[in-house]
Amino acid sequence: MAAGILGIGVCLPEGLLTNDDLAVRFGVTPEWIFERTGIRQRRIADLNQACSDLAIAAARQAMERSGTMPDEIGMVIVATLTGDYPTPATAAIVQGALGIPAAACFDLAAACTGFVYGLTVSCQAVETGYCRKVLLIGAEVLSRVTNPQDRDCAILFGDGAGAAVIGQVPDGYGLLANEAGTIGSEYKAMNIPAGGSRLPATAATVAGLQHFTRMDGMVIFMFAMRLLGNASLQVIEKAGLTLDDISLIIPHQANRRIIEAAAQRLDIPLDKVLIALEACGNTSAASIPLALDTALRDGRIRHGDRLVLTAFGGGISWGASVLRWYGAAEEDA
């Protein structure tokens, strides 16, 4: 049984944080921010919106587009680092809101790599017959864990959600190969120090701003530049393909400079690489499904196209997948 993506849905909150806003805050120009990030604005959730609210809206759209009923879904995965609560899983909240009966529900904590990891798990669940369909969601409210006075983080991160329904597709389509790994010795390069069992919340941790994301930008840049490109080439080879066989590479939308540097380092043509972060920023686990939706709406993905999804994130984690896109409507036409 082959498994792949049957439909994509997205949700972006209405609030905006523009480069003009940040330029005033940090004493720089809007152009300075754009040159370093490729971002012009970020979507920011309203104070009454939690991770599950964005996830539910994106999931509903994905289910509608794929013609999926709640009772067809046997598993719900939410890839996130900003879930509603420490427990229960945000996936359980999504399941209840959507009326999905008796599904296995869990959150996947792999930061920006979460959607790619979740895609592997989802496709395996379908391929092995564990369930008929899986609802996979990448959702983040990063504005809640971003220090507004930390320029390196504030100019990057935004909020949003992207969902995919994973199900059976004809042989030769769907997930063709995947690669994944972690460099755990570098976990401190991006982390939220407090709030877990290592450093529980106290008045001191709150006062010390230890519940916000901390990032070593240079370390992240060097690892990301290498991992994005290498993972793409490795997974293409594992699928028995060459770069010429790939229609589009969709990387985690972290930062335009990182994506361009990774492509240039390995001589990957930029016209094969999707860059779609200008209007919403770095949305961590949501960035790849959001980028997929952009590519589909722009007509950059067609039935039968071979795609590479590749990501890196906290951990430091990395992952890449090769998909052959199955567009049922296009095939029928």
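Remember, predicted model here, so these are calculated numbers, not experimental data. The first residue in the sequence is number 1, and the count goes up from there.
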Q: Below 4.0 angstrom, N of the basic side chain to O of the carboxylate: do R65 and D293 qualify?
A: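 Salt bridge flag = yes for D293 with R65.
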Q: Look at the side chain of Q264 and the backbone N and O of A261, then say whether any donor-acceptor pair between them is shorter than 3.5 Å.
A: no
Q: Is S287 reaching over with its side chain to a backbone N or O of Q253, donor-acceptor style, under 3.5 angstrom?
A: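 Answer holds: yes.
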Q: Within the 4.5 Å heavy-atom criterion, are T310 and H252 side-chain neighbours or not?
A: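 SC-SC contact between T310 and H252 ruled out.
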Q: Please say yes or no: joined through hydrophobic side-chain contacts below 4.5 Å, possibly via intermediate residues, are L17 and V141 part of one cluster?
A: no
Q: Quick check: does any side chain N or O of K238 sit under 3.5 Å from a backbone N or O of N178, one acting as donor and the other as acceptor?
A: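 Yes, because the side chain of K238 sits within donor-acceptor range (under 3.5 Å) of the backbone of N178.
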Q: Given 3.5 Å as the limit, does a donor-acceptor pair link the side chain of K272 with the main chain of L243, or not?
A: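 Yes; at least one donor-acceptor contact below 3.5 Å.
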Q: Minimum heavy-atom separation for C11 to A57, with atom names?
A: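 Shortest heavy-atom separation between C11 and A57 comes out as SG-CB, 3.7 Å.
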Q: Are L175 and Y130 linked, directly or through intermediate hydrophobic residues, by side-chain heavy-atom contacts shorter than 4.5 Å (ILVMFWY only)?
A: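 Cluster IDs for Y130 and L175 match.
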Q: Using modelled atom types only, decide if a donor and an acceptor are shared between the side chain of R25 and the backbone of P148 within a distance under 3.5 Å.
A: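 Answer holds: yes.
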Q: Go through the steps to decide whether T80 and D107 satisfy the test side chain to side chain donor-acceptor pair (under 3.5 Å), and finish with yes or no.
A: CA-CA 7 Å; T80 187; D107 291 353; over 6 Å; no
Q: Roughly how far apart are N230 CG and S232 OG, rounded to 0.5 Å?
A: 8.5 Å
Q: Please identify each residue that fulfils side-chain contact (heavy atoms from CB on, under 4.5 Å) with A224, with sequence neighbours left out.
A: I258, F312
Q: With clusters defined by side-chain heavy atoms of hydrophobic residues (ILVMFWY) lying less than 4.5 Å apart, directly or transitively, does V165 cluster with L54?
A: no
Q: Can you tell me if D20 uses its side chain to pair, donor with acceptor, with the backbone of P30 under 3.5 Å?
A: no
Q: What's the shortest heavy-atom distance between A254 and I259, and which atoms?
A: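 Looks like N-CD1, 4.5 Å.
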Q: Is there any salt bridge (Lys or Arg N to Asp or Glu O under 4.0 Å) pair reaching into residues 139-159, and which pairs are they, with sequence neighbours excluded?
A: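 Every pair satisfying salt bridge (Lys or Arg N to Asp or Glu O under 4.0 Å) with a residue in residues 139-159: there are none.
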Q: Give the minimum heavy-atom separation between G313 and C112, together with the two atoms involved.
A: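 In terms of heavy atoms, the two residues are closest at CA-CB, 3.9 Å.
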Q: Looking at A194, is its backbone amide N or carbonyl O close enough to the side chain of Q210 to form a donor-acceptor pair, meaning the two atoms are under 3.5 Å apart?
A: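 Not a single qualifying donor-acceptor pair exists.
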Q: With a 4.5 Å cut-off on side-chain heavy-atom distances among I, L, V, M, F, W and Y, is there a chain of contacts connecting I192 to L209?
A: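 No, it is not one cluster - the side chains of I192 and L209 are not joined through contacts under 4.5 Å.
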Q: Knowing that exactly one of N282, T146, N19, T18 qualifies, which makes a side-chain hydrogen bond (donor to acceptor under 3.5 Å, both in side chains) with R42?
A: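 When side-chain hydrogen bond (donor to acceptor under 3.5 Å, both in side chains) is applied between R42 and each of N282, T146, N19, T18, only N19 qualifies.
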Q: Do L108 and L136 belong together in a cluster built from hydrophobic side chains that touch within less than 4.5 Å?
A: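 Per the 4.5 Å side-chain linkage, L108 and L136 are co-clustered.
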Q: Show the nearest heavy-atom pair for residues V94 and A55, with the distance to one decimal.
A: CG2-CB, 3.9 Å
Q: Give the minimum heavy-atom separation between R300 and D305, together with the two atoms involved.
A: O-OD2, 3.9 Å
Q: Looking only at atom types and distance, does a side-chain atom of R324 sit under 3.5 Å from a main-chain N or O of G304, one as donor and one as acceptor?
A: yes
Q: Please round to the nearest 0.5 Å and tell me the distance separating atom CG of L296 and atom CZ of R302.
A: 9.5 Å
Q: Any idea which heavy atoms bring A291 and L274 closest together, and the distance?
A: O-CD2, 3.2 Å
Q: Show your reasoning for whether side chain to side chain contact (heavy atoms under 4.5 Å, CB included) applies to I8 and L290.
A: CA-CA 9 Å; I8 292 284; L290 286 171; over 6 Å; no
Q: E278 side chain to A276 main-chain N or O, any donor-acceptor pair under 3.5 Å?
A: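 A pair under 3.5 Å: no.
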Q: Among I301, L309, V308, V273, find the residue that satisfies the side-chain contact (heavy atoms from CB on, under 4.5 Å) test when tested with L248.
A: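 The passing option is I301.
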Q: Apply side chain to side chain contact (heavy atoms under 4.5 Å, CB included) to residues I44 and L16 and explain how you reach the verdict.
A: CA-CA 6 Å; I44 303 297; L16 291 178; over 6 Å; no
Q: Could you measure the distance from the CD1 atom of I236 to the CD1 atom of I246? Nearest 0.5 Å is fine.
A: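 Between atom CD1 of I236 and atom CD1 of I246 there are 4.5 Å.
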Q: Just so I know, are the side chains of V134 and I73 near enough to count as touching, which here means a heavy-atom distance under 4.5 Å?
A: no
Q: Roughly how far, to the nearest 0.5 Å, is the CG atom of N147 from the CE atom of M215?
A: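 Separation between the atoms: 12.0 Å.
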Q: Under the salt bridge (Lys or Arg N to Asp or Glu O under 4.0 Å) test, which residues partner E260, sequence neighbours left out?
A: R256
Q: Taking the side chain as every heavy atom from C-beta outward, state whether V145 and L81 have any atom pair closer than 4.5 Å.
A: yes
Q: Listing request: all salt bridge (Lys or Arg N to Asp or Glu O under 4.0 Å) pairs with a residue in residues 49-64, at least two apart in sequence or in separate chains.
A: none
Q: Is the shortest side-chain heavy-atom distance between M190 and I316 below 4.5 Å?
A: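 M190 vs I316: side chains apart.
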Q: Strictly by ring pair (Phe, Tyr, Trp, His ring centres under 6.0 Å), give each pair with a member in residues 108-129 just once, sequence neighbours left out.
A: none
Q: Looking at A58, is its backbone amide N or carbonyl O close enough to the side chain of Q61 to form a donor-acceptor pair, meaning the two atoms are under 3.5 Å apart?
A: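 Absent.
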Q: Could you tell me the separation between the CD1 atom of I5 and the OH atom of Y326, rounded to the nearest 0.5 Å?
A: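 Output value for this atom pair is 14.5 Å.
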Q: Determine whether T205 and H211 satisfy the following criterion, side chain to side chain donor-acceptor pair (under 3.5 Å), listing intermediate values before the conclusion.
A: CA-CA 7 Å; T205 63; H211 297 268; 2.8 Å; yes
Q: To the nearest 0.5 Å, how far apart are CG in D216 and CE in M222?
A: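 Those atoms lie 11.5 Å apart.
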Q: Listing request: all ring pair (Phe, Tyr, Trp, His ring centres under 6.0 Å) pairs with a residue in residues 67-89, at least two apart in sequence or in separate chains.
A: none
